[in-house]
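This report concerns only the one structure given below.
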Amino acid sequence: MPEQGTAPGHEHHTTPEDGGAAGHKSVGGEAAGRGGTAGRATGPADGPVTTPATGPAPVTGRLAVDGGTIAYEVAGAGPLIVLAHGMGDSRAAYRAVLPPLVAAGYRVAAVDLRGCGESSADWPDWSRTAVAGDLLAVVRHLGGGPAVLVGHSLAGGAATIAAAREPELIRAVVELAPFTRKQSTGLGDLRVKRFRQGMLRLLGTLALGSTRHWRSYLDVAYPGPKPADWTERLARVEALLREPGRMRALQGMGRSAPTDAGARLGDVRCPVLVVMGTLDPDWADPRAEGTAIVEALPPGLGRLEMIEGAGHYPHDQSPDQVVSLMLAFLQPDAARA
């Protein structure tokens with residue numbers, strides 16, 4: 001993919017040495033507590049995700065929506081942030097992000113997408129539009145926001161649609177390695193080894209429904225150092241995908257085109273932070289993809305941040321950097337820029 005250039009002042013580059021921004025006042029800080037207490041769910045979710053201790057343990061629950069149930073956990077008090085993972089994953093992807101956001105003064109809900117984690121497995125629709133409806137239902141269930149939506153990969157596109165569809169419920173969006181617009185692959189892209197490897201392993205997963213191929217893809221998607229609990233993380237991901245219907249959900253999401261999200265980029269009215277890893281194997285040129293998303297948004301709303309050395313899961317490989325970028329972005333001045 002050719003370099004597409006960036007709008008002046010909209011791209012920043014961060015490395016592990018960059019300082020954090022913990023403690024900054026959040027966007028709409030005056031709305032702290034507006035969401036009220038956690039909404040009642042249809043029943044407790046089994047097996048809450050283990051996270052570092054930061055006050056009371058998260059409250060888990062299930063929300064009934066049209067077509068199934070969505071599992072979630074919520075912790076903290078203050079303005080609402082909803083975390084949504086990518087395909088083939090679960091809310092455990094945010095296990096290192098949720099506690100510091102709670103400590104920074106937010107009420108944070110981590111969601112299992114339809115078909116994933118502990119949410120029900122059988123759904124008729126795997127599109128970003130359908131996932132956006134689920135996320136909006138969670139926001140309403142937890143008090144109506146306005147919330148910050150954080151979406152990884154497929155969920156980045158879903159967050160875009162949700163923000164465009166109900167702007168009164170969403171005050172900011174963070175997209176992590178998002179698939180948020182129509183994709184195209186050129187012959188030159190295939191010369192990039194990591195892109196070629198990642199694409200072939202993804203295609204193998206989608207065609208064969210193979211957990212082995214998915215694990216092989218994840219090894220490319222996490223270049224360099226892995227999280228300290230990598231062995232346990234892989235085992236948990238594989239165990240979930242072996243449950244009835246979970247691999248079918250991954251395949252359905254993987255085959256869904258992001259064109260529905262791309263069609264709504266121009267309708268977004270809130271600030272958007274796009275975070276890409278420089279070694280993300282899902283694109284030959286991650287910077288160009290992030291730039292294209294920012295340029296498709298209304299002028300002045302989007303901001304791109306690159307994390308040096310990160311792959312397709314910056315929130316798991318570099319959680320401290322992602323949290324620092326989020327907290328800096330959620331300052332009132334940054335949000336209005």
side-chain hydrogen bond (donor to acceptor under 3.5 Å, both in side chains) partners for [X], two or more places apart:
| X | value |
| --- | --- |
| Thr205 | none |
| Gln251 | none |
| Thr185 | none |
| Arg165 | none |

Inset, instruction - Can you see which heavy atom on Met87 is nearest to which on Leu250, and at what distance? - result: SD-O, 3.8 Å
Mind checking side-chain contact (heavy atoms from CB on, under 4.5 Å) for [X] and listing every partner two or more places apart, or none if nothing turns up?
| X | answer |
| --- | --- |
| Arg194 | Val192, Leu279, Pro281, Pro286 |
| Asp66 | none |
| Leu240 | Ser90, Arg236, Glu243 |
| Ser120 | Thr69, Trp123 |

Inset, instruction - Return each pair, listed once, that meets salt bridge (Lys or Arg N to Asp or Glu O under 4.0 Å) where at least one residue sits in residues 122-136; pairs must be two or more places apart or across chains. - result: Arg114-Asp134, Asp122-Arg248
Inset, instruction - Using the salt bridge (Lys or Arg N to Asp or Glu O under 4.0 Å) rule, collect all pairs that involve residues 255-275, keeping only residues at least two apart or in two chains. - result: Arg264-Asp267
Please output the side-chain donor-acceptor pairs of residues 79-86 that fall under 3.5 Å, not counting sequence neighbours, one pair per line with the distance.
| residue | atom | partner | partner atom | Å |
| --- | --- | --- | --- | --- |
| His85 | NE2 | Leu113 | N | 3.0 |

Inset, instruction - Please list, chain by chain and in numerical order, all residues satisfying ring pair (Phe, Tyr, Trp, His ring centres under 6.0 Å) with Tyr222, sequence neighbours excluded. - result: Trp230, Tyr313
Inset, instruction - Please check if any side-chain donor atom of Glu289 sits under 3.5 Å from a side-chain acceptor atom of Gln183, or the reverse. - result: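 A donor-acceptor contact under 3.5 Å links the two side chains.
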